[in-house]
Amino acid sequence: MLHHIHKWKPLHFLQKSQILAPLSSLIFTKPSASAAKFEDEPAAAAVIPNPRNTVSEVITGLGIFGLRKFLGNFYFRTMVSKLNQPEVDLIIESLSLESSDSAFGFFKFLRNECGFRHSRISEFIVVHVLATNRQFQELRSVVKQMVDEEGPGSAPSLCELLLYRFRDWDSSSVVWDMLAFAYSRSEMVHDALSVLAKMKDLNLKVSTSTYNCLLHNLRHTDIMWNVYNEIKDSGTPESDYTRSILIDGLCQQSGLQDAVSFLMDAERTETGPSVVSFNTIMSRFCKLGFVDVAKSFFCVMFKYGLVPDSYSYNILIHGLCVAGSLEEALEFTKDMERHGVQPDTVTYNILCKGFHLLGLMSGARKVIQKMLVKGLNPDHVTYTIMICGHCHVGNIDEALKLQKEMISRGFQLSVIVYSVLLSSMCKSGRVEEALRLLYEMEAVGLEPDLITYSILIHGLCKQGDVQRASEIYREMYMKRIIPNYFAHRAILLGLREKGDIYEARKYFDHLTTRAVTEDIVLYNIMMDGYVKLGNVAEAIQLYKQIIEKGLNPSTVTFNTLIHGFCKTGKLVEARRMLDTIELHGLLPSPVTYTTLMNANCEQGNINGMLELLREMEAKDVEPTHVSYTVVIKGLCRQGKRWDAVHLVEEMYAKGLSPDQITYNTIIKCLCKAQDFEKAFQLHNEMLMHNLAPTPVTYNLLINGLCVYGDLEDADRLLVSLNDSNINLTKVAYTTLIKAHCAKGDVYRAVALFHQMVEKGFEISIRDYSAVINRLCKRCWTTEAKYFFCMMLSDGISPDQELCEVMLNVFDQGGDFDSAAELLAEMIKFGFRPD
DNA sequence: CCGTAACTTA
C-alpha cells in the first residue's frame, strides 16, 4: 500500500513571468487542454512528466505563500482543488525540504480551508517536520487526529509505514514516541504497547511522559507493573507523577493500605515522597468519603517539610463540599490564601459546586463575583456547573441566559450540557423549546447522541405527541444511532397514554417478536395498560407469555397483577401474588404493600390494612408517603380524624413529606365532620410547607361548605378564590350551581352558570342535565326551559333522558306548544317517546 | 501525568 515517491527537485529557476501564462490556463481550462499550452513553454515542458503535475511544480517553485499572494485566495484555491493525494504528498515533501512553515502551512490550508483529506504519508511528513522544529503542540494534535481516525488495532500498519518510508528521517525517535503517546492518550492501550515493542526493536528511547500516560491507562491492571519494570530497566528517569500513578493504581487494585505503604517507602529514596503523591492519596480518600483521613495526610505533608500546592487545597476543599461541609470548605479557602497559595479558577468552581449541592444558587453566583474581583474568569467548567445547577432547581431561564453568555464568550457547549438543558425543559413541559434547542445544537455543529434523542422522545411521548416522537425516532435511526430500550419504553407508554391500547399492542408485538433482547418493562407497561382498562385477563395472558418465554418477571410485574386483582375485588388472589414474588426470588416493594393496603381499605377492612402495615414494617419494607396516605384514608373512614391528623405530624417526624393527596384526604374527612376550622387550618399548613393546594383541594372545601355547612360561606369562598386568581376547575362551579338549584335559589344558579361560561370552560350536556334535572324536580319550568334553550343555542343536542324530563315538565305546566315542538324534535332525533 | 462539570428511568 506504500506509495513510491520520486526524488523531486523544486523548480527554483522558474521565474514569476515565466509561470504567469501557463498558470492562467491551468486555472481556467481543463488539465488536458492545458497540456498543449505548456508545451510552448520550454522551461516548464522540460520538467513536466504529465500535465497535472505542473500544478505541483508551480507550487513548489514559487513557494506556497508566494503563489497564494501572487494569485489571490480564490484562484489559489481553484488551482489547488485539482490536486490528488499523491500530488499533494509530492508537494508537501518538497516544501518540507525548503521550510517547515510552508509545508505545515500548505497542509493546514488544504485540510482546513479546502476540506482535503490528507494521506498518511503527507501527515507523517508534516509530523517529522514539526518534530524537528520542536513544535510539540501541533505535532501532538496532528498525531492525535491520525490515531483517532485510524482507531484501535491500527498500530501495526502505521508502524510499518514509519518503518519503511521514514526510517532515516530526522527526529524519527520523537515521532515514534509521539505515536505511542497518542495511542495511550486515546486509550488504545494495546496499540500503544505494540508501538513500544517496535521501538524496543529499533532501540528508540521512550519519554517519561509517554510511559506515565501508559501507566495511567493501565493502572487498573497488573500490566502496570510490567511497564514500571520496563521504565526501570531502560533507565528512563521517573517523574513525580510516575510514583503517584502507581499509588493511584494501588489504591484501586489492592487497597489504600498498600498505597500508603508504597508512599511511605519513598521516604528511603533520596528525593522522598512528593506533593503529587500525597495529593493522589488525599484525592482517593476524599472520593471514598474519608475527608478526615485526607486532612491528616495534609498534616503529614508539613512534617515531611513539603508545601501543599493548589491541588492539595482544592482536593480537600472539594472533599469538604461533597461531604456537605461548605463552611469548612470556605474556611479552608481562607487558610489557603493565608499560606500564600492563591485560589484559582478550579477552587472557585469547586465552591460553586458546593453551593449548588446545597441548592444555594445565589451563593454560587456570589462565588463567581468574588472570582471576577480576583481577576479570574469563569471557564467552561464554571458555566457547566452553573447551568446544571440552575437546571437542577428548575430555573431554566437562568440556565439559558448563561448558555447564551457562554456562547458569546466563545466557549463550545458540550452535547451533555445541551442534554441537561433539554432534559429540564422536557421535565417542565417546555418540549417545544426543547425541539428548538435541538435544532440550535445541530446548527452549531454538535451531533445529538442517543441520550439527547432519548430525552426528546421521552418528553414528546409524555406530552402525548407520539407522532413527533416517532419522527425524531426515525431521524435518529437515519443517523445510525440505534435506539435502545429507553426510547421503546417511552413510545409504548406514549401510545398507551393516548388511550389506544390496540395501537400500543401493535407496537408491543412488533418489538417483542423481533427484538433480540427482551425488556420486561415493555411487558409491565402493556400489562399496566390492560389493568387500568379493567382487562385483567389480558394482563394475565401477557404474564403467561413472560413465563413461557423464560423471561424474568420483576416486582413491578407482580405489583401490576396485584393491582389488577385488587381492582376486580379478588383480594385473596392478590394476597397470594405477594407470596409468588418471593417464590421468584424477588422482594415485595412498598408499592406491593401499599396496593394491598389500599384494597383492604376500600373494602372497609381497616384491620386487614393495619395488619399489612405491620407485616410490611416487619419485613423492612419502608412505608412511603403514599402508604401513610392510605392509612389516613382508612382512619378517616372510621371517623378517627384526630388520629389521621396526628399521622400527618408523624410523617413529618419520619422525614416523609405528605403530598396534596394526603391533605385532600384529611380535608375531605374534616369537612364531612363539619370541622371547617381544622379543614382550613390544614389548607394553610399546605401553604406553609410549600405545597400548592390543587383544584381538588378547593373543590373539597366548596363541596364541604355546600353540603355540610353554610352555602353562603361557599359562595364567599369562590369569590375570594377568584379574587386571588387561584386556578379552579369547572367542578367548583357545578358544585355550587347544583347546591343553589337544590336549595331553590335559581337566580344565583343562573348567575354562576354564566360566570362559568365566561371563564371559558367547556360545558357538556352533563352540566346542563344536572341543572335542568334539579330545576324540574322543583318545577321551576321557566328556568328549566331557559337552560334548555341555552343548551340548544350552544349547539349541544339533548339526549333521550333529558328530553323526557323536559317533556314531563311541559306537560305538567300545561305548555303544550312547547311539548309538541319538543316531541317533533325528538322524533327527528330518532328518540322514542314513551 | 494529582484538583472542578457531564444527560433518560415504568
Side-chain angles (χ1 to χ4, degrees), chain A residues 181 184-185 207-217 219 238-248 251 274-284 286-287 308-319 321-322 343-354 356 378-389 391-392 413-424 426-427 448-459 461-462 483-490 492-494 496-497 519-529 554-557 559-560 591:
Chain A
F181 180 81
S184 277
R185 270 305 275 262
S207 68
T208 306
S209 54
T210 297
Y211 270 132
N212 282 350
C213 187
L214 193 60
L215 268 183
H216 180 256
N217 280 320
R219 71 195 190 284
E238 293 178 31
S239 73
D240 278 351
Y241 296 117
T242 316
R243 283 207 139 235
S244 89
I245 296 163
L246 290 169
I247 289 172
D248 201 36
C251 285
S274 68
V275 175
V276 179
S277 293
F278 271 103
N279 290 346
T280 306
I281 279 278
M282 290 196 296
S283 172
R284 276 284 147 220
C286 282
K287 277 183 184 137
D309 60 8
S310 62
Y311 284 79
S312 322
Y313 281 99
N314 287 340
I315 290 165
L316 271 180
I317 293 169
H318 182 243
C321 281
V322 170
D344 56 15
T345 309
V346 176
T347 318
Y348 289 108
N349 288 347
I350 292 168
L351 291 174
C352 275
K353 178 186 172 183
H356 146 59
D379 62 5
H380 69 286
V381 178
T382 323
Y383 278 106
T384 306
I385 294 171
M386 293 300 282
I387 290 175
C388 295
C391 282
H392 201 74
L413 269 90
S414 69
V415 177
I416 295 178
V417 177
Y418 269 104
S419 293
V420 170
L421 281 163
L422 284 169
S423 164
S424 58
C426 288
K427 271 183 193 143
D449 62 8
L450 174 66
I451 294 178
T452 321
Y453 280 120
S454 299
I455 291 169
L456 269 168
I457 290 172
H458 187 253
C461 287
K462 225 171 176 177
N484 62 5
Y485 64 93
F486 196 86
H488 296 146
R489 290 175 189 182
L492 183 65
L493 202 66
R496 199 195 75 185
E497 293 303 294
D519 179 13
I520 188 67
V521 176
L522 293 175
Y523 284 86
N524 293 347
I525 294 172
M526 209 58 231
M527 286 169 67
D528 192 44
S554 68
T555 301
V556 176
T557 317
N559 289 350
T560 308
V591 177

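In this model, the phosphate group of B:dA10 is not approached by any side-chain N or O of A:His488 to a distance below 4.0 Å at OP1 or OP2. Applying the 4.0 Å criterion to OP1 and OP2 of B:dC7, one finds that A:Lys427 has every side-chain N and O outside that range. OP1 or OP2 of B:dT9 sits under 4.0 Å from a side-chain N or O of A:His458. Of the side-chain N and O atoms in A:Lys353, one or more sit less than 4.0 angstrom from OP1 or OP2 of B:dA5.
For the pair A:Ile416 CD1 and B:dT4 P, the computed distance is 15 Å after rounding to whole Å. A:Leu413 places its CG atom 12 Å from the C1' atom of B:dA5, with the value rounded to the nearest Å. Between A:Tyr383 atom OH and B:dT4 atom C1' there is a gap of 16 Å when expressed in whole angstrom units. The distance between atom CD1 of A:Ile455 and atom C1' of B:dC7, rounded to the nearest whole Å, is 4 Å. What separates CG of A:Asn279 from P of B:dT4 is a distance of 11 Å, to the nearest Å.
Qualifying ring pair (Phe, Tyr, Trp, His ring centres under 6.0 Å) partners for A:Tyr383, counting only residues two or more places apart in sequence or in other chains: A:Phe411. Partners of A:Tyr485 by ring pair (Phe, Tyr, Trp, His ring centres under 6.0 Å), not counting sequence neighbours: none found.
Looking at every heavy atom in both residues, A:Gly389 comes nearest to A:His356 through CA-ND1, 3.3 Å. The heavy-atom pair separating A:Arg219 from A:Asp248 by the smallest distance is NE-OD2, 3.0 Å.
Judged by centroid separation below 5.5 Å and plane tilt below 30°, A:Tyr311 stacks onto the base of B:dC2.
Nucleic acid contact for A:Ser414: none, since no nucleic acid atom lies under 4.0 Å from a heavy atom of the residue. Residue A:Arg243 is classed as having no contact, given no heavy-atom separation below 4.0 Å to the nucleic acid. Counting any heavy atom pair closer than 4.0 Å across all strands shown, A:Val381 reaches a base atom. When heavy atoms are screened at a 4.0 angstrom cut-off, A:Ile451 is found touching base atoms of the nucleic acid. Here A:Asp344 lies in heavy-atom contact (under 4.0 Å) with a base.
When the options A:Ile247, A:Val276, A:Ile315 are evaluated for a side chain to side chain contact (heavy atoms under 4.5 Å, CB included) with A:Ile281, the one that passes is A:Ile247.
Minimum atom distance to the side chain of A:Val521 is reached by B:dA10, of the listed B:dC2, B:dT4, B:dA10. Residue A:Asn524 places its side chain closer to B:dA10 than to any other of B:dC2, B:dA6, B:dA10.
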